[in-house]
Structure formats: C-alpha cells, structure tokens
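Below you'll find the structure, written out as structure tokens, and then a few comments.
Not measured: the values here are computed from a predicted model.
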Amino acid sequence: MRRLVWGLLLLASWQFSAQELYMPRNIKKAYANGTRDLSGAPGKNYWQNKGVYNVEVKVDANSKIVSGKETILYSNNSPDNLTELAIRFVNNLHKPQAPRSGMVSKDFLTSGLHIKSFIVNGEKYAVNSENWGTVEKIKLNSALKSKSKAEIKIEWEYPLSVESGREGQIDPETFYVAYSFPRISVYDDYNGWDMLPHSDRQEFYNDFNDYSFAISAPKNYVVWATGDFLNPEAVLQSEYLKRYKTSLKSDKVIHVATPHEMKSGKVTRQNKWNVWKFKASHITDFCFALSSHYAWDASSVQLKTKRTSVQAAYGPEAKDFEHYVEWMRYNLDWFSKNWPGVEYPYNVMTAVQGYADMEYPMMINDTSIPDDFQDARLTADHEIAHTYFPFYMGINETRYAFMDEGWATTLEYLIGIDENGEAKAKEFYKNFRVKRWINDPSAEQDQPIITMSTQVSGAGYGNNSYVKASLSYLALKDYLGDDLFKKALHHYMNNWNGKHPIPWDYFYSMNAGSGKNLNWFFNNWFYTNNYIDLKVAGASQMNDLLTVNIDNVGGFVIPFSAEITYEDGTAEKLHFSPSVWEKDQRQTMLTIPITKKVQSINLDGGIFMDYTPDDNKKTL
C-alpha cells in the first residue's frame, strides 16, 4: 500500500510539473476534454475516426491516366456531428495554380483530380473538382452524427506527372503511384478537420484505415504494393510464381524476374489487363508501383513472431539496388532487436528505385547512389526507420515533422554505427547532418523545435525536423542511459501505437516511462532558441583536484567529453552526461580528481558540434 501511495504521489508530481510545459490553447482543450492525459497515455475520452476503403484502380500505361472508383465506410467516432467532409487529394499539388514551397518544371504540372461521381449514403452530390486544391470541404445534406457511419462512393481520374518525385513517372514504363486516391482528411481532437494544404515540403497526416486494392495493370507490368499480395496465382506465370513463393520462405536472395525476362513477356499472365489484389489493415496510407522492365529481387527474414517478405524493384544501372534486399533483411532484423527494439510490424517491405528518398507504409522509393554504397545504404536505413515514426505511431508530420524525421535520423545513426563503425558513423552524421546547422548563425536556424513545421522553411525546417530533434533524442539517451531510455521509449510507443500522438504525449510518456521529471530537459531542447556552444571560463589545479568552470553560451544541454592532457604527455578522456546541466543550464563546474600535473583541458561534444570550438580549450 505504501508503494501505491508513493506511486500516486509521484504521478501527481509528474502531472503538476507537466503543466510547466507550454501548450497552445487547442492542445490545452484536448487535455481538459480528457482525450489526452498528463500521464502521457491516451485520455479516457480518446477517439479517432476510421475509414474502410475498397478501391479499384486502373493505370493506363499509354495515356498515363490513373482512374478508379472507391467505396469508403467512414466511422465518425468523435463526439461531434459532422456537417461536412474534408476530402484530401495530395496530387493536386501538380495543378498549375496549387501553392507550393518552391519552383517546379513544366513536367511536374498536370490538370489534377477529376471527380466523376460523389455519393454519400446513396445520395449523389454535384461536385465540381476543377478548382480543388489538395484538401477541400464538401457540405453534407444530412449531418453525419456522432458514433455513426457513412458510405461514400467516389469515381475519379487523374494524370501521372511526367516528372517523378514522391510519385509520378519514374520512366515511360515505370510508375510510382502514391497519394493516388481521394481520401477523407483527418478529423481529430485538437484541430477538428485537418485543412492544411500540402505544399511539397511537409509530409503527411492520415487516419489509420483498412485498405483493399484491386489494381488493373497492362500485361507484362508487375505491381508492387503496400500490404499482403492476395492473388499471385492469378497474375504470374508458373515459373515466376514459383520463384516468388520460394522467396517468402528463403533467407537467400531470389531473382524473381530479370529485366530481360520482364521484357520478354514471360512473367505475367498474358491477359490484356491483369488485376493485382492487395490488402492492408490499420495503416495510414497505401501506395503501389508498376514496371514492365524493372528487375525483381526478393527474400524474407525471420523475425520473432513472423517471417517478413523483403523485395526490391530496380533498373539495370542501379548497382546499389542489387544489394537492397540483403540490406533490408538486415534492417528489419536490427531495428526489431536493437533500436527501437520493437518488432517490424508488417508482413512485407519493398524498395523501388525512383527519385524520392521517401517512405510509405511497407514501401520506400529511393534514388540510386551506385557510386557510394555507404550513402545508399544509409538512405535505405533512414526510410525504413520511418516504419516506426510515422507509421507505427500515427505522427502528424505536417505540423510536427520532428516527431518522425528526428527519430528516423537517430535510428539511421545508430544502425550506421553497427554497419560502418562508430568513427565513420559519427563523421557521416556530423558532415551530413550537423555542420550546416551549427556553422550557420542566421536567425532561421535557431527557431524552437516545437515551432509548427508549416511555419518554418528551408534550412530552418530541415534542421528543426532532422538535426536538432535527433540531437535532442540522442542527448536524452545519454542522460537516461540506454536501458532506461529504451524503457521510456517503449512506454511512449506502447501508449501511442496505432494512434495519433502529439509532442506533449511524447514528453509526458517519457516522464512516466522513465520515472523522472524531464520537463527541464524538454523545455531546454524544444522551447528555446538555443544552439550548441560551450566555453571553458576557467580551470585550475589545487593539489589532486582539477576544477573547470564551463559556460553554456549556446544553451542546449548536451553530453560532452573533457580531454585532459598532462605535462608528462599522457592524456585521458572523461565523459559527462547532460545531468551536469540539470540544476543550472547556463554554467557548471567540474571537480575532477587527478594524480598528475595538468597541462590543458579541452571539451569535445563529438556529434554535438560546437559553434565556437576555439574557446573549448584552456591551458593551465
């Protein structure tokens, strides 16, 4: 009983201290309404809406038109009666009049989505999609009541852009078909309808839905997609069906089809059109790719509870992609066992050679880097790491990109240590991630990480989302130690797997999971204009004690090493965690027992690179 009382008191102290973290008014309202809780867990009144999508889609390889019809059974689990539906179609970004984050070429532009038919609960609506952006509202004739469902039927078509980025034509006979169907935008507990337009900078925010797709592709085109492949017998000829099925149980790389075999007409059934069927449940998106001439490699990897298929589709010049299946087998096993230490949650992972360096549920679309395998592999590492953030956790990437990009950057670094050794991994991380931020003193580099991602641009967006966020996670890992950090991280992930966390859910979950009040740390890293800059303000030796006074000029609470050089030429390095800043984040004093005369001391943050490293050293 005493333990229970102490636990309740400790929880109360977390909840009280949690209030010290700034919340916008809409977030405060969600906590007041009980949809979120200061313990970090979903509140007693938490809800999220859901759609069950049944989609039939056809890709015309000649006209480059994607057409389809879908039925959505949409559950309004909210406490509100909905008088309108928000429909999101990201690919309207390609329309000439769409607002975008930067210039595009003529090959990027298309006419966008054309709605042929729109029916709600059997009632046909007159919808003119000519002036639609990436998200539009439709006024309902009858409100969709709280705790009720609606059936929405939509017929549509749109052209694939010639220029391929996150989607489009990779080449004239290879297409990456993503964000390819109109969907119901998210209606959530802190913003209502998500009406933020897609600008091609920020990424995505979707409900956890169930998807059944029937994809009509011309003969000789192979389709790769999110989810379980339901009908390989109906679309593959016997030899290639046998190879594919072998790959599902094999640790070896199986060449399911070579480019020559693809071009020869031997691989798919020779119907004019083949219908490829896929199904995936409780995921945030669905996409697919198809090609008439890409190589198709496959294997599988045995995880703790299941064997997962690993596949790659690529052109003949992509020498790095010849290794992708091996790399991805390693990825899924390593991420499952090490960091984050949560089993890969799906039955398949497919890599397609394209131009995006982009993640999708169970798929990645990566640029080939055939002359730098280390860079190529780290790209794959990063995109596959996104499996957990934003897909296992339904992150609102549009508003809070640091909640997924920062974690993917961190996981990329941690697996990189294993793949390339610590020295190479640190050098890559510093050169590719940290240097451009820390060496640029312009104001946009030092915006608080908590700033909504839609409100920062350029390097400010990239450094908040990737660099500073990742450094914060690594600093917290150093502060807590690996075991407690992983315990807290798993607490957060268990709280919000399959749901929609926001930054405060992360903060409070980590508090509860670690059993520590970390608000001082979160305030320091997420709510300030801090950067990294330590200074040795003074150092002195008195007999067997070295005293070092350090000013935290930049403000971020970081781990660092003190490199002590002695007059006899020997040296030692001592590590200090962010705990040295817990009482005073602006200055600290180190008292170090020593047995020899000190010549100098130097502070080294490693990957936590210093803006003015020259004042990190003091000669006694």
Side-chain angles (χ1 to χ4, degrees), residues 64-66 88-114 129-136 157-172 174-180 182 185 194-205 285 287 289 352-360 364-369 375 379 382-383 386 396-402 404-405 408-409 432-433 435-437 439-440 442-447 451-468:
K64 319 301 186 193
I65 295 293
V66 180
R88 184 170 292 276
F89 187 71
V90 167
N91 281 347
N92 271 349
L93 178 77
H94 293 275
K95 295 174 75 168
Q97 65 270 41
R100 286 179 288 269
S101 59
M103 288 284 291
V104 296
S105 74
K106 290 181 180 179
D107 283 344
F108 184 86
L109 302 177
T110 73
S111 57
L113 178 70
H114 173 58
S129 57
E130 183 178 350
N131 293 319
W132 275 24
T134 56
V135 59
E136 295 290 338
E157 67 179 24
Y158 78 97
L160 285 166
S161 62
V162 174
E163 181 181 310
S164 177
R166 289 170 172 165
E167 33 67 37
Q169 300 178 46
I170 295 172
D171 66 44
T174 304
F175 318 126
Y176 204 92
V177 189
Y179 328 115
S180 61
S185 192
D194 176 30
M195 296 303 296
L196 285 176
H198 180 64
S199 70
D200 210 25
R201 176 181 291 117
Q202 290 80 27
E203 294 180 12
F204 309 99
Y205 179 41
D285 204 356
C287 68
V352 176
Q353 180 206 345
Y355 299 103
D357 298 340
M358 184 66 196
E359 75 281 356
Y360 316 77
I364 59 175
N365 173 359
D366 280 1
T367 307
S368 174
I369 315 173
D375 193 358
T379 300
H382 181 97
E383 307 311 338
H386 274 301
N396 186 340
E397 302 173 85
T398 310
R399 283 179 165 85
Y400 304 116
F402 63 85
D404 76 300
E405 293 296 358
T409 301
F432 187 64
R433 297 297 186 189
K435 272 187 180 178
R436 283 174 288 183
W437 163 60
N439 292 331
D440 182 353
S442 55
E444 56 266 31
Q445 301 287 15
D446 294 333
Q447 298 304 300
T451 306
M452 273 181 54
S453 301
T454 50
Q455 306 306 307
V456 287
S457 60
Y461 169 79
N463 290 323
N464 266 10
S465 303
Y466 294 75
V467 181
K468 289 190 283 182

If you define the side chain from C-beta out and look only at heavy atoms, does anything of Thr174 sit under 4.5 Å from Gln353? no
Check for a donor-acceptor pair, side chain of Gln447 on one end and backbone N or O of Asn464 on the other, with a separation under 3.5 Å. no
Heavy-atom closest contact (Ser185 atom, Arg88 atom, distance): OG-NE, 3.3 Å
For a quick check under 3.5 Å, do Ser105 and Glu163 share a side-chain donor-acceptor pair by atom type? yes
No-hydrogen, no-angle side-chain donor-acceptor test under 3.5 Å, Asp440 and Ser442: yes
Within this structure, what is the CD-OH distance for the pair Glu167 and Tyr176, rounded to the nearest 0.5 Å? 10.5 Å
Would you sort out whether Arg436 and Val467 count as a side chain to side chain contact (heavy atoms under 4.5 Å, CB included), showing the intermediate values? CA-CA 10 Å; Arg436 283 174 288 183; Val467 181; over 6 Å; no
For Thr134 and Leu93, indicate whether the former's side chain and the latter's backbone hold a donor-acceptor pair under 3.5 Å. no
Strictly distance-based, threshold 3.5 Å: is any side-chain N or O of Lys468 a donor or acceptor partner for the main-chain N or O of Trp437? no
What is the distance from atom CD of Glu203 to atom OH of Tyr360, rounded to the nearest 0.5 Å? 9.0 Å
For Arg433 and Thr409, which heavy atoms make the closest approach, and how far apart are they? NE-CG2, 3.5 Å
Closest heavy-atom pair, Asn92 versus Ala98, reported as atoms and distance to 0.1 Å, is O-CB, 3.4 Å
Correct closest heavy-atom pair for Thr110 and Pro96 would be O-CD, 3.4 Å
Classify the ring geometry of Tyr466 against Tyr461: parallel below 30°, tilted from 30° to 60°, perpendicular beyond 60°. perpendicular
Where the side chain of His94 meets the backbone of Gly112, is there a donor-acceptor pair that is under 3.5 Å apart? no
Can you list everything that forms a salt bridge (Lys or Arg N to Asp or Glu O under 4.0 Å) with Asp285? Sequence neighbours excluded, please. Arg183
Could you check if a side-chain atom of Ser101 sits within less than 4.5 angstrom of a side-chain atom of Ser457, using non-hydrogen atoms only? no
Ring geometry between Phe89 and Tyr158 (parallel below 30°, tilted from 30 to 60°, perpendicular above 60°): perpendicular
Separation of His198 NE2 from Thr398 OG1 (nearest 0.5 Å): 8.0 Å
Start with the C-alpha gap between Asp404 and Glu359, add the side-chain angles, then the distance that decides, and say whether side chain to side chain contact (heavy atoms under 4.5 Å, CB included) holds. CA-CA 11 Å; Asp404 76 300; Glu359 75 281 356; 4.1 Å; yes
Nearest heavy-atom neighbours spanning Arg201 and Arg166: O-NH2, 3.4 Å
So how far is it from Glu383 CD to Asp366 CG, rounded to the nearest 0.5 Å? 5.5 Å
Taken to the nearest 0.5 Å, the spacing of Ser180 OG from Leu113 CG works out to 11.0 Å
Would you say that Ser453 contacts Glu397 through its side chain, given a criterion of any heavy-atom pair below 4.5 Å between the two side chains? no
After noting the C-alpha distance and the side-chain angles of Asn91 and Tyr179, does the key distance pass the side chain to side chain contact (heavy atoms under 4.5 Å, CB included) rule? CA-CA 6 Å; Asn91 281 347; Tyr179 328 115; 4.0 Å; yes
What distance do Glu405 atom CD and Asn463 atom CG have between them, rounded to the nearest 0.5 Å? 12.5 Å
Given 3.5 Å as the limit, does a donor-acceptor pair link the side chain of Lys64 with the main chain of Pro172, or not? yes
State, without any angle test, whether Asp357 and Thr367 hold a side-chain donor-acceptor pair at a distance under 3.5 Å. yes
With distance as the sole test, does Ser465 use its side chain to make a donor-acceptor pair with the main-chain N or O of Ala401 at under 3.5 Å? no
Worked check of side chain to side chain contact (heavy atoms under 4.5 Å, CB included) between Arg399 and Asp194: CA-CA 10 Å; Arg399 283 179 165 85; Asp194 176 30; 3.2 Å; yes
